[in-house]
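Contents: one structure, followed by commentary.
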Amino acid sequence: MAPSQPELTKGKKRKRDHGSTTTERVKKGTGKLIRFEAEAEGEGEGKTEDADNKDEAPPENPEQTRDLEPIHQKPGHRHEHSHKSSLHPRRQQRDFPKAHTTLPPHVLKKRDELLPIRKSLPIWPHVKSIRAALRENNVLVLTGETGSGKSTQVPQFLLSEPWCTKTIAITQPRRVAAISLARRVAEEMGSLFGNQSPSAKVGYSVRFDNATGPGTRIKFLTEGMLLQEMLRDPEMSQYSAVVVDEVHERSVNVDLILGFLRNLVAGVDKGRKRKTPLKVVVMSATADVQALVQFFGEGLQTSARDVEVETGDSGAARTKSGKPSIDSPESKPDQSTNSKSSNQPTQGHSQVSTCFVEGRQYPVKTVYLPSPTQDWVETSLKIIFQIHYKEPLPGDILVFLTGQDTIEGLEKLINEYAQGMDADVPKLLALPLFAALPQHAQQRIFTPTPPRTRKVILATNIAETSVTVPGVRYVIDCGKSKIKQFRNRLGLESLLVKPISKSAAIQRKGRAGREAAGQCYRLYTEEGFNTMEERTTPEILRCDLSHAILTMKARGADDVLNFPFLDRPPREALEKALLQLLHLSALEETGAISEQGLKMAKLPLTPTLGRVLVEAARPERDCLLDVVDIISALSVENIFLNLVTEERKEEAEAARRELYRREGDHMTLLVTVQRYEEERSDRKAWCEKHFVSHRAMQNVMNVKKQLLQQCSQLKLLTSTDKADSSPSEAKTQAILACILRGFISNTARLMPDGSYKTLMGNQTVSIHPSSVLFGRKTEAIVFSEFVFTGKAWARGVSAVQLDWVSEVIEAIM
DNA sequence: GAGCACTGC
């Protein structure tokens with residue numbers, strides 16, 4: 001039962017990553033960071049802290065970090081940079097606030113407190129080489145492991161550079177990260193934050209929340225936000241540099257950003273050349289340096305060849321021989337920055353620099369199972385109690401499982417077994433953690449552990465990247481996760497339990513070594529580990545590409561088959577998506593983006609939902625406001641609460657009956673949103689009464705507001721349409737026609753045997769039990785979601801007439 | 001005839 005202890009580490013004294021004197025500092029620093037991450041999870045975002053000093057401007061001191069003694073210069077003694085101002089009129093134009101006043105004392109104090117922590121970060125000694133690298137070249141690939149400090153320090157290092165006259169953008173995959181990093185950097189710089197004051201130098205931009213001002217020089221934003229900006233301002237004229245962080249996570253958005261940036265720095269975008277070059281820093285945790293360097297290096301070389309052809313410049317000819325630097329960082333651990341352009345001084349800016357920064361991590365011992373198991377719940381249970389009896393407190397346990405059901409199963413078992421423990425054994429506190437859990441329940445992992453208690457956090461993938469659980473010294477990893485996979489042929493998504501990659505396993509293990517030395521129990525054998533894929537398949541290789549391609553077309557990247565992909569999706573997947581966009585009339589027959597397609601690309605919606613919206617704005621449909629309500633409800637998590645017990649389910653059914661519509665789920669959503677809005681006194685109580693999620697409804701209202709704004713910007717909101725509180729028959733038909741136009745590939749007809757078969761593809765589908773049409777028979781259905789979980793399910797279903805469907809199909813084929 | 005990893009605009 002007990003997993004074997006690995007012989008390698010047994011009895012051997014574990015070596016720390018650093019000496020004992022620095023350990024204290026490190027611990028202090030780590031602790032701060034974790035508290036700060038935990039705060040960011042909460043509401044309010046601490047915006048009040050500096051609020052009473054709104055008018056006080058911190059000193060502008062661009063030189064401050066240059067000599068590694070940034071903060072020790074007295075405020076007010078700032079350097080004058082008249083030469084810089086005359087060289088860069090843009091800076092004057094932006095009128096970045098100047099420091100005529102002293103800093104608020106508490107802001108100063110905080111800044112000075114943080115300085116020693118900053119200085120102890122592994123990235124701090126690299127400041128000179130990072131700056132030199134970007135003076136020499138326009139692209140830097142920086143590899144920094146967890147805890148290196150790259151996300152907070154790199155933008156600060158670059159701010160004082162002569163080329164940096166505008167703003168630095170730094171992207172994050174998640175909202176919380178963008179917001180909390182911005183707050184941290186503001187504190188470190190002794191600046192106010194966000195839009196507290198026009199002089200605030202650090203800000204962030206995430207959906208529904210833009211906290212930037214005229215003085216913003218460092219701007220943290222989500223990847224999606226940057227992409228939207230890139231559609232509106234193709235040259236990225238407000239930025240001197242773009243830092244792309246967490247590239248190793250390889251979201252579709254990051255892949256698009258990298259492709260666009262490569263074209264931009266290489267100047268291959270037709271007619272798009274910036275006056276001053278854009279500096280690009282690509283930051284990644286794992287050592288994918290070679291692929292990234294090659295990716296940008298090839299682009300630069302192509303452009304250098306173009307220059308040669310155009311100008312006949314003999315100097316440029318030499319670029320051809322200048323290969324991009326492809327040294328792996330591990331091979332040169334003592335040489336922090338590599339650049340191959342030094343031997344070709346005439347060829348500045350045509351190469352890619354690399355930099356490797358070591359991480360900060362305590363050692364973690366790995367323990368494998370002697371033989372494979374299928375029963376993770378049972379095995380986890382044994383290991384949890386084995387750790388609990390054997391290892392001293394403190395030291396919480398983090399268990400990685402695949403989903404809600406296994407988590408709840410294990411939680412129940414732990415609680416049962418824990419009751420049988422002797423009174424002298426410390427208590428065990430099992431805490432589930434998954435995204436669908438209400439916010440307050442998720443917050444429980446951040447509350448201090450009660451005395452003589454060990455926390456056991458039972459988590460999904462959410463704890464791998466999104467949430468940092470404090471206090472963990474033991475990790476149990478089942479080696480699997482649920483992965484979404486798009487099937488091109490069927491056009492449906494499936495969620496499958498699959499083995500994780502080696503890099504994910506290493507990431508999970510690392511969660512045990514954030515605060516002290518730890519242990520990682522892998523519920524698989526060492527051989528099992530060795531057979532795992534090296535890295536997780538990037539999302540772009542396993543998702544529906546229609547949205548990505550629409551974005552590319554909207555940005556003028558017309559030749560999608562030759563787009564610079566870091567990983568090129570199979571031709572079949574690209575063609576499938578192009579065809580889908582053609583059917584949606586987002587593209588012309590020639591493949592060029594249509595006027596309609598451009599509007600769809602600018603909406604924060606999938607192409608299908610975007611198409612529904614655009615259709616609703618047409619005069620003959622004239623139902624935009626109702627459709628916006630439906631789309632808003634479809635854009636958020638399920639607005640109807642999931643009930644567990646049979647009794648509560650029946651209660652909910654009865655309470656919701658007045659909302660249900662026989663036309664299907666879409667009209668039911670419309671009525672629910674309308675009734676919620678009609679409720680003027682207590683919407684929260686209304687939600688509780690109808691078993692509707694209040695949080696989800698608040699999100700619906702946010703999305704609705706944003707969509708209406710964008711509709712008016714895109715000149716879609718010009719109709720005479722009025723939302724009726726009870727849509728007429730004709731209105732209902734118009735609404736369903738719009739839904740059909742977007743989801744024509746998601747239609748099915750009733751077969752004589754009572755099953756449904758899709759009209760395009762002849763696939764059997766079933767109406768999902770969550771639908772109001774579950775168990776009903778109607779001649780045809782249209783559905784907004786098509787998922788495979790053991791069986792093909794249609795979710796978000798409306799009843800339609802077969803001849804409506806045929807009409808649309810004939811029109812587009 | 002019964003289900004849902006995680007982000008994000």
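Worth knowing before you read on, the calculation uses all heavy atoms, side chains too, and leaves out hydrogens, waters and symmetry mates.
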Enumerate all atom pairs, one protein N or O and one N or O from nucleotides 1-3 of chain B, separated by less than 3.5 Å.
residue: B:dG3; atom: N2; partner: A:Asn642; partner atom: OD1; Å: 2.8

TODO: List the atom of A:Val692, the atom of A:Thr672, and the distance in Å for their closest heavy-atom pair.
DONE: CG2-CG2, 4.2 Å
Open item on the list: Please give me the minimum heavy-atom distance between A:Gln710 and A:Pro604, naming the atom from each residue.
Closed with: OE1-CD, 2.8 Å
Phosphate oxygens OP1/OP2 of [N]: is one of them under 4.0 Å from a side-chain N or O of [X]?
X: A:Thr460; N: B:dC6; value: yes
X: A:Ser481; N: B:dC6; value: no
X: A:Arg207; N: B:dT7; value: no

Open item on the list: What I want to check is whether the side chains of A:Asp245 and A:Thr171 have a donor and an acceptor closer together than 3.5 Å.
Closed with: no
TODO: Taking atom types as modelled, find out whether A:Gln172 and A:Tyr204 have a side-chain donor-acceptor pair closer than 3.5 angstrom.
DONE: no
Rounding to an integer number of Å, can you tell me how far [X] [atom1] sits from [N] [atom2]?
X: A:Arg508; N: B:dC6; atom1: CZ; atom2: C1'; result: 12 Å
X: A:Arg175; N: B:dG8; atom1: CZ; atom2: P; result: 7 Å
X: A:Phe788; N: B:dA5; atom1: CZ; atom2: P; result: 16 Å

- [ ] Using a 4.0 Å heavy-atom cut-off across all strands, classify A:Val206 as base, sugar-phosphate, or nothing.
- [x] sugar-phosphate
- [ ] For A:Phe434, report the nucleic acid contact type (base, sugar-phosphate, nothing); a contact means any heavy atom under 4.0 Å.
- [x] sugar-phosphate
For [X], which residues count as a side chain to side chain contact (heavy atoms under 4.5 Å, CB included) partner, sequence neighbours excluded?
X: A:Ser251; answer: A:Glu223, A:Asn253, A:Val254, A:Glu539
X: A:Phe486; answer: A:Asn488, A:Glu493, A:Asp544
X: A:Thr212; answer: A:Asn210, A:Thr216, A:Lys219

TODO: Kindly state which residues belonging to residues 694-707 of chain A come within less than 4.0 angstrom of DNA chain B, counting heavy atoms of the residue only, listed by number.
DONE: none
Show me the donor-acceptor pairs within less than 3.5 Å that the side chains of residues 700-708 of chain A make with the rest of the protein, sequence neighbours left out.
residue: A:Lys704; atom: NZ; partner: A:Asp629; partner atom: OD1; Å: 2.9
residue: A:Lys704; atom: NZ; partner: A:Glu677; partner atom: OE1; Å: 2.7
residue: A:Lys704; atom: NZ; partner: A:Glu677; partner atom: OE2; Å: 3.3
residue: A:Gln706; atom: OE1; partner: A:Arg207; partner atom: NE; Å: 2.7
residue: A:Gln706; atom: OE1; partner: A:Arg207; partner atom: NH2; Å: 2.8

